[in-house]
Undergrad: 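This is the structure I want to talk about, given as structure tokens.
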Amino acid sequence: MPNITLPDGSVRSYDSPVTALDIAADISEGLRDSTLGARINGTLCDATQPIAEDAEVTLITARKGEKESHPDALMLIRHSCAHVMAEAIQRIKPSAQLVYGPPLETGFYYDIAFDSNSPLSSDEFEAIEKEMKSIIDEDRSFTRYELPNDEGLQKLESEGSKYKIDNAQRAIEGGADTLTWYATGTPNEHWEDLCRGPHVPSTGKIGAFKLQSIASSYWHGDADSDSLTRVYGIAFVHKKQLKQHLKLLEEAKKRDHRVLGKKLDLFHIDEQVGQGLLLWTPNGATVRQELQTFISEELRKQDYSQVFTPHIGKLDLYRTSGHYPYYQESQYPPLIDPEQLGRLADEGCSCADLSNLMKDGDIEGYLLKPMNCPHHIRIYANGQHSYRDLPIRLAEFGTVYRWEQSGEIGGMTRVRGFTQDDAHLFCTEEQVAGEIIGCLNLVNIIFNTLGMDNFKVRVGLRDVDSDKYVGDPANWDKAEQACRDAAETLGVPWSEEQGEAAFYGPKIDFIVNDVLGRPWQLGTVQVDYNLPERFDLSYIGSDGKHHRPVMIHRAPFGSMERFIGVLIEHFAGAFPTWLAPEQVRVLAISEKSNDYAHHVRNTLKAAGIRTSVDTSDERIQAKIRNGADAKIPWLVVVGPRDAEASNVSVRMRGIMDDLGAVSLEQFTSAIQSEIQTRGETSALATCFPDVEKPQ
RNA sequence: GCCGCCGUAGCUCAGUGGUAGAGCGCACCCUUGGUAAGGGUGAGGUCACGGGUUCAAAUCCCGUCGGUGGCUCCA
């Protein structure tokens, strides 16, 4: 008979099998009401699951008043809400076939196959939500029942849902002994769904929900398979949480780099120029330029050599590198030289012929470069290198072009032309570990300066059972260990993933989430044994013989486009002074102070500070508001009083009040110093030591 | 590429068969104001583009382009 150990270590003994609900009721009536499920020996289960053996049980509860609910509670509620939604949808569209409806950290969805002549539109959300509301109001129990595999399959076949049959078959292949259903109410009487569970005790436990969006998905994630409709929703324990969540989403939207990019005029994407082709407007270009200067300074410290290479290269170069044959779908088609094109035309070559010639590689021409490495490799290969010269580090803000699928393109984070902060290191086998550490140092410096500590690190290792990898396994072992060691030096959480290495070497990736929670890979450091081989690179060793160098590809930011997109969101558009496009704006109190305002502006400008002046006919209140709206770090108000004393009255972004007056001279040098040290010194602390730093 | 939604002034959006609108911004005028929106006047639109239906289309239908949310992809 079961002895139940609760998280506090207390043990309760029962004469017969009990459920989590029984245990909760034993403790208190209120606890019973708030119990949604249980972790039984660590596994999330229904609260109604009978426990016959000794077990460790954690009750999963949710109280109406709580600010945040336990993730398990939300999972249960969301999974259950997916069922309620599916039932409601099937009431409205009986021909809809259910496929798969899991909970997510951010909500839930249900993949549904609709009749092609009766698709679902978000206009119908209101009607569906109304049905859901009534199902929840009925507070019907989630009732689990099981059938033996063969009997269950028979049932599904008689119902004729190929998707559910498939789910069942997969469950059986995965080792399931029985198939389980959940009825929302009484089996055979109420709606039910083949489902592994677990669920909340009854529909009434779903306190608040909202349907969010409609999207399409592929069956089994296979683009060649059936196209399904995915309906997204969100559910919480109570309405306040839902409201709070929706408010957060609203706030997140304001931080979206696409919204801020427009508002602050950082970049523009123009239909007439092309999809996924970014135009950096002056403000955005300033941010990028500052960042590139910063990186370049660090690269110089680390003995990198700057190079420049063109945007195109001969097709044969990319045949040697392997990019052209293997990654054709991701490239713009080759550029064909005019003579060859004319000759093909004379020969009566059709578009289809041309396409085939391109596909087969029977064509000469140039490729818009998808990567910078071949060009850098040719720089290395151009001369003979002694082991004494290594490592050679060639760096370039190299612009590459890739044919991304149209549906993927958006904002700054996924574009068709972008500039990598690229570099290729050519080194000896022994130098690999040290060079990787060096790359990560750089990442550390940059991310620290920017205050970005919210990135994840993923170390991609080879799958030892596979033979697709090039290079000596012993070297792989060393390189993989070097990657792990280097990742450790960053002091942020990192994971290693087997089979995630490139075929040519292990790698370290940096991943950051955007405001909408979508992950983006930024930088990467990759060890490469392959390209030196393909290009037959060598260096002369101390033994006087030729040796193969190892290459490291590294782009710690990934691309300027994606990185700055993420950076805009990181700062919510409020860039630190050294990065801000407009660093100081001088606000003249009235026309009488315009001359002094211009003098202040010119003084700051002469000190290298990006400064503008507002001498418009607005009142000072409006000028302050406009300046704050533009997220300018420093506003200085100047009137007759300030002119008299050669002062400026300072406002800092993030502080509601006027900080008071300081001399123009002091302000100028304090701002200058803050910019030059990239925020290590603080103009606020220098000029106003008693004022606390905002945030 | 696939599916849903969307495309109206520089920006944010209202307008759902019958004379194209608002707020912000912009220009000009008034105002000369000391710390988060002073007032007035005005300019600005081939309603993304191309076809179709209709007496009549921003509005309905088809296609294209672009945006967006997902899916798939991302060397």
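These values consider heavy atoms only, across backbone and side chains, with no hydrogens, waters or symmetry-generated copies. Sequence lines set the chain letters: A, B, ... in the order given, protein chains first and strands last, and positions in each chain run from 1.
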Undergrad: Could you state the NZ-P distance from K263(A) to rG23(B), rounded to the nearest angstrom?
TA: 20 Å
Undergrad: Hey, could you give me the CZ/OG1 distance between F397(A) and T419(A), rounded to the nearest 0.5 Å?
TA: 9.5 Å
Undergrad: Identify whether any heavy atom of G660(A) sits under 4.0 Å from a base atom; if not, whether one sits that close to sugar-phosphate; answer base, sugar-phosphate or nothing.
TA: nothing
Undergrad: Give one of base, sugar-phosphate or nothing for Y109(A), where a contact means two heavy atoms less than 4.0 Å apart.
TA: nothing
Undergrad: When the C1' atoms of rC47(B) and rU41(B) are compared, how many Å lie between them, rounded to an integer?
TA: 27 Å
Undergrad: In whole angstroms, how far is the P atom of rG66(B) from the CG atom of L277(A)?
TA: 10 Å
Undergrad: Output all residues satisfying ring-ring contact (aromatic ring centres under 6.0 Å, His included) with F535(A), sequence neighbours left out; order by chain, then residue number.
TA: none
Undergrad: Please list residues of residues 504-523 of chain A whose heavy atoms come under 4.0 Å from any atom in RNA chain B, ordered by number; otherwise none.
TA: Y504(A), L516(A), R518(A)
Undergrad: In whole angstrom, give me the gap between the P atoms of rU46(B) and rG10(B).
TA: 9 Å
Undergrad: Quick one: look up who rU12(B) pairs with, Watson-Crick or G-U, both distances under 3.5 Å, and put none if it's unpaired.
TA: rA22(B)
Undergrad: Does Y218(A) contact rG1(B) through a side-chain donor or acceptor facing the base, at a distance under 3.5 Å?
TA: yes
Undergrad: Considering only rG69(B), rG70(B), rA75(B), which nucleotide approaches the side chain of R258(A) most closely?
TA: rG69(B)
Undergrad: Would you jot down, in residue-number order, the residues of residues 397-407 of chain A having a non-hydrogen atom under 4.0 Å from RNA chain B?
TA: R402(A), Q405(A), S406(A), G407(A)
Undergrad: Does any pair with a residue in residues 622-633 of chain A pass salt bridge (charged side-chain N to carboxylate O under 4.0 Å, His left out), and if so which ones, sequence neighbours excluded?
TA: K263(A)-D629(A)
Undergrad: Quantified in whole Å, what is the C1' atom distance between nucleotide rA20(B) and nucleotide rG45(B)?
TA: 8 Å
Undergrad: When the C1' atoms of rG25(B) and rA37(B) are considered, how many whole Å apart are they?
TA: 13 Å
Undergrad: Which pairs count as salt bridge (charged side-chain N to carboxylate O under 4.0 Å, His left out) when at least one residue sits in residues 496-517 of chain A, sequence neighbours excluded?
TA: R458(A)-D509(A), R484(A)-E496(A), K507(A)-D509(A), D514(A)-R518(A)
Undergrad: Show me the pairs that pass ring pair (Phe, Tyr, Trp, His ring centres under 6.0 Å) and involve residues 398-419 of chain A, at least two apart or across chains.
TA: H311(A)-Y401(A), Y332(A)-W403(A)
Undergrad: Only pairs with both distances under 3.5 Å count, Watson-Crick or wobble alike; so what is the partner of rU32(B) in this structure?
TA: none
Undergrad: Once side chain to side chain donor-acceptor pair (under 3.5 Å) is applied, do any residues pair with K314(A), and if so which ones, sequence neighbours excluded?
TA: none
Undergrad: Taking the side chain as every heavy atom from C-beta outward, state whether P334(A) and Y324(A) have any pair of such atoms under 4.5 Å apart.
TA: yes
Undergrad: Any N or O donor-acceptor pair under 3.5 Å from the base of rC74(B) to the side chain of R414(A)?
TA: yes
Undergrad: Determine the contact category for G627(A): base if any of its heavy atoms lies under 4.0 Å from a base atom, sugar-phosphate if only primed atoms, P, OP1 or OP2 are that close, otherwise nothing.
TA: nothing
Undergrad: Could you pick out which residue, S217(A) or F503(A), lies toward the 5' side of RNA chain B when each is mapped onto its nearest nucleotide?
TA: S217(A)
Undergrad: Within this structure, what is the CD-CD distance for the pair E404(A) and Q331(A), rounded to the nearest 0.5 Å?
TA: 11.5 Å
Undergrad: For Q331(A) and rC74(B), give me the distance from atom CD to atom C1', rounded to whole Å.
TA: 13 Å
Undergrad: Say you pick atom P in rC2(B) and the same atom in rA75(B); how far apart are they, in whole Å?
TA: 22 Å
Undergrad: Please enumerate all residues that pass ring-ring contact (aromatic ring centres under 6.0 Å, His included) together with Y469(A), with sequence neighbours excluded.
TA: W476(A)
Undergrad: Has the side chain of S216(A) got a donor or acceptor that lies under 3.5 Å from a partner of the other kind on the base of rC2(B)?
TA: yes
Undergrad: Taking atom P of rG69(B) as reference, at what distance in whole Å does atom CZ of F125(A) sit?
TA: 15 Å
Undergrad: Which pair of non-hydrogen atoms, one from F575(A) and one from P581(A), has the smallest distance, and what is that distance?
TA: CD1-CD, 4.1 Å
Undergrad: Taking only residues at least two apart or on different chains, which pairs with a member in residues 214-228 of chain A satisfy salt bridge (charged side-chain N to carboxylate O under 4.0 Å, His left out)?
TA: K162(A)-D226(A)
Undergrad: Any idea if rU41(B) is syn or anti, going by the 90°-from-0 cut?
TA: anti
Undergrad: Given the C1' atoms of rC62(B) and rU53(B), what is the spacing between them in whole Å?
TA: 11 Å
Undergrad: Applying side chain to side chain contact (heavy atoms under 4.5 Å, CB included), run through L98(A) and K164(A) and close with a yes or a no.
TA: CA-CA 7 Å; L98(A) 305 180; K164(A) 287 291 169 182; 3.8 Å; yes
Undergrad: For L120(A) and rG70(B), what is the distance between atoms CG and P respectively, to the nearest whole Å?
TA: 17 Å
Undergrad: Would you indicate what S227(A) reaches in the nucleic acid, counting non-hydrogen atoms under 4.0 angstrom: base, sugar-phosphate, or nothing?
TA: sugar-phosphate
Undergrad: Quick one: list whatever passes side chain to side chain donor-acceptor pair (under 3.5 Å) with S649(A), sequence neighbours left out.
TA: D642(A)
Undergrad: Looking at Q275(A), does any N or O in its side chain come under 4.0 Å of the phosphate oxygens OP1/OP2 on rC65(B)?
TA: no
Undergrad: Which letter, B, S or -, goes with each nucleotide of nucleotides 32-47 of chain B from 5' to 3', with contact meaning a protein heavy atom under 4.0 Å?
TA: BBBBBBB---------
Undergrad: Given the P atoms of rA9(B) and rG21(B), what is the spacing between them in whole Å?
TA: 14 Å
Undergrad: Applying ring pair (Phe, Tyr, Trp, His ring centres under 6.0 Å) as the test, list every pair that has at least one member in residues 500-527 of chain A; sequence neighbours left out.
TA: Y504(A)-H553(A)
Undergrad: With both distances under 3.5 Å as the test, what is the Watson-Crick or G-U wobble partner of rG50(B)?
TA: rC62(B)
Undergrad: Provide the distance between the two C1' atoms, one in rG69(B) and one in rG63(B), to the nearest whole Å.
TA: 23 Å
Undergrad: Round to a whole Å and report the spacing from CD1 of I409(A) to C1' of rG70(B).
TA: 16 Å
Undergrad: Quickly work out the H424(A) NE2 to rA75(B) P distance and round it to whole Å.
TA: 14 Å
Undergrad: Output the rounded distance in Å from CZ (R416(A)) to P (rC73(B)).
TA: 18 Å
Undergrad: Mark yes or no for a side-chain to base donor-acceptor pair under 3.5 Å between S213(A) and rG70(B), with no hydrogen or angle criteria applied.
TA: no
